[in-house]
Amino acid sequence: MNINEILNYKDGDHVEGLTGWVDSIRDHGGLTFVDLRDFTGTVQVVFDKSGEIDIRLKNEYYISIDGNFKKRDDSLVNKKVFLGDSEIEVTNLSVINSSKTLPFQIENDIDTDENIRLKYRYLDLRREPMKINIMTRSNTFKSIRSIMNELNIYEIDTPTLIKSTPEGAKDFLVPSRKSPSTFYALPQSPQMYKQLFMMSGFPNYYQIAKCYRDEDSRKDRQPEFTQLDLEFSDANPLIVKSNIEKIVKFVFSDAYDCKITTPFQTLTYNQAMNLYGTDKPDMRIAETLLDIGEVFIGTEINFLNEILESGGVVKALHTEELLTRKQIDTLDEEIKELGSNGLGWFKIQNKEISGPLAKLLRDEEKNSILNYGTGTLLFQAGDFNLTAQYMDFIRRTIFNPSSDETFCFVWIEDFPYFEYENGKLQPSHHPFTSPKDDKIFKDDPINATALHYDLVLNGVELGSGSQRINNPSIQKLVLEKWGLNDSEIEERFGWFIEALSYGTPVHAGFAIGIDRLVAEVLNQPSIRDVIPFPKTQSGLDPLTNAPATIEEEILEDYNLKYIIKDE
């Protein structure tokens, strides 16, 4: 039996076959007190050492006890813990399994290297905070399926062994034994298959899907992750966004007991970048960025003058707080690590301006700055994208919202279709997204806009979606503008373009990162803390030592062999 089953027991009731782990042991002379823990809770059990029971126990021994349920005296009740008003006087003990010395203690707050925690993840998951994380994840799955049934959206699964069609990140490849020298890939997302469902005549689709991307791990990225994947036929962005808001609102209420307000606010990509310096703005922070370039037109501050004349910008943030020199110096060091030349700043107090550049200000510049009122004006100047990046960091650092437990959603839309990544042109979402205007895309693709929309929660990109291309000629054009030649298009995407050629309806979809959602709701520092068995930042699994080498005899079955490269 489990501990939860004794909640309704009365004083003197007999308890039989209660099992759990030894959580702690306290020797009080003639009595030994043991906290017994299972999945449902903890209860204190008492051993009378004058009896015949051998109580040589250690932490994490798994035991079974019989005994008598007893209500504690009022003076001994511990109101801070579950079943703190009760205990069990043990009459029989059976050690089901002993435990080796623990690599770390099973405690709520432990300061242990993450690699050790992951190596012994089965022990880490015994801790209460980790149990809460994983159960919240489970409840999220339950709520998703409940609202999908209510909305009559069909759950259909897609294959996990597919053809390699890299969409940005590298694929994980799986060799085929039956077809030597050929490979499957694990899906980065079910993108093309869910579109095939729309071509097949299904009105909608959803899946709680596993996705795989061979890329560097970060706090919000893992080689293997889980997303809620959806697609709707005869749909457009407004229809998809409306459905997503219904789903998110239900899940927050049902799984997290939290009420959120819909519809969510919407910003264009350009608005987000200008006001917040990022396409993932944290809307819990009310303060927005200021464009103060006009203040310095013709300025005597040479570097600002040069930046403005070359088409650069000057963006600023005003805080009513008069930052100390130590705060300014710390922020200056941090922003230099991001690549900035340094922090620009003015202090405004008693209608006076101070700062390294204050003596170079003209009267009209002083008057403009004084209009912002008492406080500190922080600024960056230069290329718009770099300046926005630095100002986003400053905004999140100065107005740190981490203690704010509210949930602020915002839609970001009208993204550029293409962006440069590591010097290469890449679709900002994926190459199956419809351009907002086909003519502009054909004539000037680098300045074209995509029918792509992101959902951002508290500065975290929770999910992305788009209206899909349903015209084979437009799909081929996008791939050409991406830089693929005819043979590459045919080899990688020919089968998909063929499928689009048979009367494909207009369709649109979305995907929400479930790991990111749960981590944000539980205020966890990384999605690794809400994934049962995650990988390390370097993509390793300390528990099983994966990835691992394969014996050469086995590789031969796949027509593969190791090649040792010279250093």
task: Show the numbers, then the answer: is there a side-chain contact (heavy atoms from CB on, under 4.5 Å) between Arg284 and Phe399?
output: CA-CA 9 Å; Arg284 293 173 297 178; Phe399 304 105; over 6 Å; no
message: Evaluate Gln227 against Ser189 for side-chain hydrogen bond (donor to acceptor under 3.5 Å, both in side chains), listing each step before the verdict.
response: CA-CA 9 Å; Gln227 69 184 33; Ser189 77; 5.0 Å; no
- request: I would like to know whether Tyr205 and Gln207 meet side-chain hydrogen bond (donor to acceptor under 3.5 Å, both in side chains); could you show each step before the answer?
  value: CA-CA 7 Å; Tyr205 140 97; Gln207 180 182 192; 2.8 Å; yes
message: Using the rule given for side-chain hydrogen bond (donor to acceptor under 3.5 Å, both in side chains), can you reason through Lys259 versus Ser253, listing the C-alpha separation, both sets of side-chain angles and the distance that settles it, and then say yes or no?
response: CA-CA 6 Å; Lys259 307 298 181 186; Ser253 176; 3.1 Å; yes
- prompt: Step by step, would you call Val530 with Ile514 a side-chain contact (heavy atoms from CB on, under 4.5 Å)?
  reply: CA-CA 10 Å; Val530 301; Ile514 295 178; over 6 Å; no
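Minimum interatomic distance between Ile134 and Ile531 (heavy atoms only, all atoms of both residues): CD1-C, 4.1 Å. In plain terms, the two heavy atoms of Glu231 and Gly509 that are nearest each other are OE1-CA, 3.4 Å. Here the shortest heavy-atom pairing between His429 and Thr433 reads CD2-OG1, 3.4 Å. Taking all atoms of both residues into account, the shortest heavy-atom contact from Ala235 to Gln467 is O-OE1, 4.0 Å. Nearest heavy-atom pair, Tyr558 versus Ser176, reported as atom, atom and distance to 0.1 Å: CD2-C, 3.9 Å. Nearest approach of Asp279 to Ile412, heavy atoms of both residues: O-CG1, 3.5 Å.
Judged purely by atom type and a 3.5 angstrom limit, Thr226 has no side-chain atom pairing as donor or acceptor with the backbone of Lys210. Side chain of Asn274 to main chain of Asn270: a donor-acceptor pair is present (N/O by atom type, distance under 3.5 Å, no hydrogens or angles). Remark: the backbone N or O of Met148 is not paired with any side-chain donor or acceptor of Asn152 at under 3.5 angstrom. Of the possible donor and acceptor atoms, none in the side chain of Ser94 sits under 3.5 Å from a partner among the backbone N and O of Ile96. Judged purely by atom type and a 3.5 angstrom limit, Asp38 uses its side chain to pair as donor or acceptor with the backbone of Gly41. A distance-only check finds no donor-acceptor pair linking the side chain of Glu520 to the backbone of Leu517 [under 3.5 Å]. With hydrogens and angles disregarded, no donor-acceptor distance shorter than 3.5 Å links the side chain of Ser466 to the backbone of Arg468. Here the side chain of Lys249 pairs no donor or acceptor atom with the backbone of Thr262 at under 3.5 angstrom. A donor-acceptor pair is defined here as one N or O able to donate and one able to accept, closer than 3.5 Å; such a pair exists between the side chain of Thr182 and the backbone of Ser179. With hydrogens and angles disregarded, no donor-acceptor distance shorter than 3.5 Å links the side chain of Arg516 to the backbone of Leu462.
When side chains are defined from C-beta on, Phe172 does not count as touching Gln188, because their heavy atoms never get closer than 4.5 Å. Two residues are said to be in side-chain contact when any heavy atoms from C-beta on lie closer than 4.5 Å; Gln222 and Asp515 fail this criterion. In this structure, Leu543 and Phe533 have side chains that are in contact, with non-hydrogen atoms separated by less than 4.5 Å. In this structure, the side chains of Ile285 and Tyr276 stay at 4.5 Å or more apart for every pair of heavy atoms. When side chains are defined from C-beta on, Lys241 does not count as touching Phe510, because their heavy atoms never get closer than 4.5 Å. Considering only heavy atoms from C-beta on, Phe250 comes within 4.5 Å of Ser143 through its side chain. Ser242 is listed as a side-chain neighbour of Lys246, based on a closest heavy-atom distance under 4.5 Å. Under the 4.5 Å side-chain criterion, counting only non-hydrogen atoms from C-beta, Tyr256 is in contact with Val518.
Lys163 and Glu491 are joined by a salt bridge, as a carboxylate oxygen and a charged side-chain nitrogen come within less than 4.0 angstrom of each other. The pair Arg127-Glu107 does not meet the salt-bridge criterion, since no charged nitrogen lies less than 4.0 angstrom from a carboxylate oxygen. Remark: Arg121 engages Asp124 in a salt bridge, criterion side-chain N to carboxylate O under 4.0 Å. A salt bridge links Asp414 with Lys436: at least one charged nitrogen is closer than 4.0 Å to a carboxylate oxygen. Ionic pairing of Arg117 and Asp529 is present here: one or more N-O contacts between side-chain nitrogen and carboxylate oxygen are shorter than 4.0 angstrom. One finds a salt bridge joining Glu215 and Arg221 here, because a Lys/Arg side-chain nitrogen approaches an Asp/Glu carboxylate oxygen to under 4.0 Å.
Using cut-offs of 30° and 60° on the angle between ring planes, the pair Phe264 and Phe409 is parallel. Note on ring orientation: taking the six-membered ring where Trp is involved, the planes of Tyr269 and Phe415 are tilted (angle from 30° to 60°). By the 30° and 60° cut-offs, the orientation of the rings of His430 relative to Phe432 is tilted.
A distance of 10.5 Å separates OG of Ser233 from CE of Met199, quoted to the nearest 0.5 Å. The line from CD of Gln475 to OG1 of Thr504 is 10.5 Å long, rounded to the nearest 0.5 Å. Separation of atoms CD (Glu87) and CG (Asp35) is listed at 10.5 Å; rounding is to 0.5 Å. Taking CG of Asp23 as the reference point, atom CZ of Arg126 lies at 10.5 Å (rounded to 0.5 Å). With rounding to the nearest 0.5 Å, the separation of CG in Leu522 from OG1 in Thr136 is 4.5 Å. Residue Glu155 holds its CD atom at 6.5 Å from CD1 of Ile208, rounded to the nearest 0.5 Å.
Listed by chain and number, the residues in a salt bridge (charged side-chain N to carboxylate O under 4.0 Å, His left out) with Glu114 are Arg528 (sequence neighbours excluded).
Sparse packing is recorded around CG of Asn8, with 12 or fewer heavy atoms of other residues, nucleotides or ligands lying under 6.0 Å away. Atom CZ of Phe183 has more than 12 neighbouring heavy atoms from other residues, nucleotides or ligands inside a 6.0 Å radius. With a 6.0 Å radius and a threshold of 12 heavy atoms from other residues, nucleotides or ligands, Arg177 has its CZ atom at or below the threshold.
In this structure, a donor-acceptor pair under 3.5 Å is present between the side chains of Asn471 and Ser473. At a cut-off of 3.5 Å, with distance as the only test, a side-chain donor of Tyr502 or Glu498 sits close to an acceptor on the other residue. At a cut-off of 3.5 Å, with distance as the only test, no side-chain donor of Glu413 or Thr266 sits close to an acceptor on the other residue. Tyr212 and Thr160 share no side-chain donor-acceptor pair at under 3.5 Å. For the 3.5 Å distance criterion, the side chains of Asp171 and Ser164 qualify, holding a donor opposite an acceptor. Side chain to side chain, Arg37 and Ser24 fail the donor-acceptor criterion of an N or O pair below 3.5 Å. Side-chain contact annotation: Glu245 with Trp411, donor-acceptor N/O pair under 3.5 Å present.
Ring-centre distance between Phe441 and Tyr417: below the 6.0 Å cut-off. A distance below 6.0 Å separates the ring centres of Phe407 and Phe252.
Remark: Arg492 is positioned above the aromatic ring of Trp482, its terminal NZ or CZ atom under 6.0 angstrom from the ring centre and at most 45 degrees off the axis.
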